[in-house]
Amino acid sequence: ELAAELAAERVELQRRERAYRGSRPSLSTAEVAGKDVLLVDDGIATGFSMRAAIAALRQLQPARILVAVPV
């Protein structure tokens, strides 16, 4: 059951990535490394998606990550 659920979640993640990114490529380390990055969210409820976005950006080694959210 676990393997089936993991496979289904991977398919859903790929679907969402295609839906949100379209034909735009992923960011590369060369584009982000050493730069300040402004991460904008239209609202934070639990904070989990923002934490995931920050973790993904950290792998690209930016100088700083700034988070902006309307209040």
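Note that this is a predicted model, so its numbers are computed, not measured. We're numbering straight along the sequence, starting at 1.
Proximity of Ser49 to Asp41: side-chain heavy atoms (C-beta onward) are separated by under 4.5 Å at one or more points. A heavy-atom distance below 4.5 Å is not found between the side chains of Val32 and Gln61.
The minimum heavy-atom distance between Glu31 and Ser26, with the atom names listed, is OE1-O, 4.0 Å. Of all non-hydrogen atoms in Val37 and Pro62, the two that sit nearest each other are CG2-CB, 3.7 Å. Considering all non-hydrogen atoms of both residues, Gly34 and Ala63 come closest at O-CB, 3.4 Å.
The local environment of CZ in Arg64 is sparse, with at most 12 non-hydrogen atoms from other residues, nucleotides or ligands closer than 6.0 Å.
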Check against side chain to side chain contact (heavy atoms under 4.5 Å, CB included), Ile54 and Leu39: CA-CA 8 Å; Ile54 291 169; Leu39 184 59; 3.8 Å; yes
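Val40 and Ile44 sit in two unconnected hydrophobic clusters of ILVMFWY residues. Membership requires side-chain heavy atoms under 4.5 Å apart, directly or through other members.
Here the straight-line distance linking atom CG of Leu57 with atom CD1 of Ile65 works out to 5.0 Å at 0.5 Å rounding. Interatomic distance, CZ of Arg16 versus CG of Leu13, reported as 7.0 Å (0.5 Å rounding). To the nearest 0.5 Å, the span separating OG1 on Thr46 from CZ on Arg51 amounts to 10.0 Å.
Without hydrogens or angle criteria, Gln14 side chain to Val11 main chain gives no donor-acceptor distance under 3.5 Å.
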